[in-house]
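Read through the structure below, which is laid out as structure tokens, and then see the notes.
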Amino acid sequence: MDRNPSPPPPGRDKEEEEEVAGGDCIGSTVYSKHWLFGVLSGLIQIVSPENTKSSSDDEEQLTELDEEMENEICRVWDMSMDEDVALFLQEFNAPDIFMGVLAKSKCPRLREICVGILGNMACFQEICVSISSDKNLGQVLLHCLYDSDPPTLLETSRLLLTCLSQAEVASVWVERIQEHPAIYDSICFIMSSSTNVDLLVKVGEVVDKLFDLDEKLMLEWVRNGAAQPLDQPQEESEEQPVFRLVPCILEAAKQVRSENPEWLDVYMHILQLLTTVDDGIQAIVHCPDTGKDIWNLLFDLVCHEFCQSDDPPIILQEQKTVLASVFSVLSAIYASQTEQEYLKIEKDLPLIDSLIRVLQNMEQCQKKPENSAESNTEETKRTDLTQDDFHLKILKDILCEFLSNIFQALTKETVAQGVKEGQLSKQKCSSAFQNLLPFYSPVVEDFIKILREVDKALADDLEKNFPSLKVQT
């Protein structure tokens, strides 16, 4: 049996067809009002007092859904994607019925379907506002985040994300979540222990949206895990606070990567948001094991996973957002805690190689066809700027800042090694200079001085290609 069977045909016999023709249709659809009334009435019967007061012998009946009822309610789930049906369900007070089911039913499948229907209904703004304004329903839905059933958690997360994405009601849900500290524990538990990648991605999207909407909430969650253990001296705890949120994000990212690295975007963006506040950066770098694991994960992604030398340059268009997040986090860690053991100088050269490779691919992606008539129109230029160039510019700014920080830390020995191994060849240095100049001129000039001690001929060649350096050095 399919998870969500197709909606029922408009009529199964002549009498039913006559009913439909007589005004039984829902809006402009061919779905029957009477049929839908019957299904909703069946739901009411399931959670009626006489059915919920059962003995232990009937416990299994409360957790299992009758196959015929499951088929019918799944059809409603499919139908609820239609706006006319969703509005009719709203008019019939279906959300109250679903709230009753969620409050009383112990059947995981039934709970999943009811939340799923509400999630479909919330895709329409008018209904989303109505659902969000119902305080009791809001409490019941947030309570679903404590559920142990992954499909129910997935549908609950989808519903929350839909509501958080509606500007008119987003603040209502942020406030409710702030009022329920246990939600933090539930989300951390999911991220740290679930192997359901679909659920991890959707929960990650919820966390990402919450942090993007409310920095105060993000700071509260970052600090939540910093409670001092009873047996740990205060002085020591202030030096090495334990942060729970970051390790949970890391575990979720590892699990998602194991199935599909392309889905990592959301968790990389969460880490990037954390680095926008000092407490977030400290949560990463002041926890040595976690900081090291995050650095190693991101280092491996940029050096061995994303935008590799054998990938076509156009791959950058698909990976530009995740690369921006990854390099932004690496740059923040590098700049804030360079004395950590895991930030050894020998990792500078592979990072330089990766940074320059992405910059070179960016140059290829930004080349426009010389003889293309379309490329010369103002409309095309504006569209290109908003859709592609804007994101590439953000990525370029992040890459150049990170590359300049690494250049400033290079020693004569590291430069000599880079020249010998090819990470600092003439071609790669030229690509780096082309992007760093003129904004990072002092950094490039200092690098040239070191390079001249290692390979004077290479330094002279680069100065010829970039005359401004020769004048200033």
Count the heavy atoms of every other residue, nucleotide or ligand shown that sit under 6.0 Å from CD of Glu126, and state whether that count exceeds 12.
no

Within a reach of under 6.0 Å around CZ of Phe189, are more than 12 heavy atoms found that belong to other residues, nucleotides or ligands?
no

Compute whether any side-chain donor of one residue and acceptor of the other, for Gln434 and Asn465, lie under 3.5 angstrom apart.
no

Tell me whether Arg357 is salt-bridged to Asp353, with the criterion being a basic N under 4.0 Å from an acidic carboxylate O.
yes

List the atom of Met191, the atom of Leu200, and the distance in Å for their closest heavy-atom pair.
CA-CD2, 3.8 Å

What one should report as the nearest heavy-atom pair of Val140 and Ala103 is CG1-N, 4.4 Å

Test item: side-chain donor near acceptor, Gln90 and Ser130, under 3.5 Å
yes

Might you point out which heavy atoms bring Ser328 and Ile398 nearest each other, and give the distance in Å?
N-CG2, 3.6 Å

Considering all heavy atoms, the nearest Ser132-Arg176 contact
O-NH2, 2.6 Å

Between Ser430 (side chain only) and Lys426 (backbone N and O only), is there a donor and an acceptor less than 3.5 Å apart?
yes

Can you classify the ring geometry of Phe299 versus Trp295 as parallel (below 30°), tilted (30 to 60°) or perpendicular (above 60°)?
parallel

Phe407 and Phe447 aromatic ring geometry - parallel, tilted or perpendicular at 30°/60° bounds
parallel

Within the supplied structure, the quantity of interest is the number of heavy atoms (other residues, nucleotides, ligands) at a distance under 6.0 Å from Lys254 NZ; does it exceed 12?
yes

Got a donor-acceptor contact below 3.5 angstrom from the Ser431 side chain to the Gln427 backbone?
yes

Out of curiosity, Thr156 OG1 to Leu102 CG, how far, rounded to the nearest 0.5 Å?
7.5 Å

Interatomic spacing from CD in Glu168 to OG in Ser133 - rounded to 0.5 Å:
10.0 Å

Just checking Glu175: does its CD atom have more than 12 heavy atoms from other residues, nucleotides or ligands closer to it than 6.0 angstrom?
no

Calculate, to the nearest 0.5 Å, the distance between atoms CG and CG belonging to Leu245 and Leu250 respectively.
11.0 Å

Look only at the side chain of Ser354 and the backbone of Val302, and say whether a donor-acceptor pair between them is shorter than 3.5 Å.
yes

Could you give the distance from NE2 (His143) to CG (Leu141), rounded to the nearest 0.5 Å?
11.5 Å

Asn361 side, atom CG; Gln317 side, atom CD - distance, nearest 0.5 Å
10.5 Å

Please test Asp149 against Arg111 for salt bridge (charged side-chain N to carboxylate O under 4.0 Å, His left out), starting from the C-alpha separation and ending with a verdict.
CA-CA 9 Å; Asp149 179 55; Arg111 292 169 60 81; over 6 Å; no

With a 4.0 Å cut-off on N to O distance, would you call Asp397 and Lys393 a salt bridge?
yes

Heavy-atom pair with the smallest gap, counting every atom of Leu164 and Lys209:
O-CE, 3.5 Å

Check for a donor-acceptor pair, side chain of Ser186 on one end and backbone N or O of Leu145 on the other, with a separation under 3.5 Å.
yes

Counting only heavy atoms not in Glu179 (residues, nucleotides, ligands), do more than 12 fall under 6.0 Å from its CD?
yes

Which value, rounded to the nearest 0.5 Å, describes the distance between Ile73 atom CD1 and Phe98 atom CZ?
5.5 Å

Taking atom CD of Gln139 as the centre, report whether more than 12 heavy atoms of other residues, nucleotides or ligands fall under 6.0 Å from it.
yes

How about Gln423 and Glu421: does a side-chain donor come under 3.5 Å of a side-chain acceptor?
yes

Minimal heavy-atom distance between Cys429 and Leu462, with the atoms involved, is CB-CD1, 3.8 Å

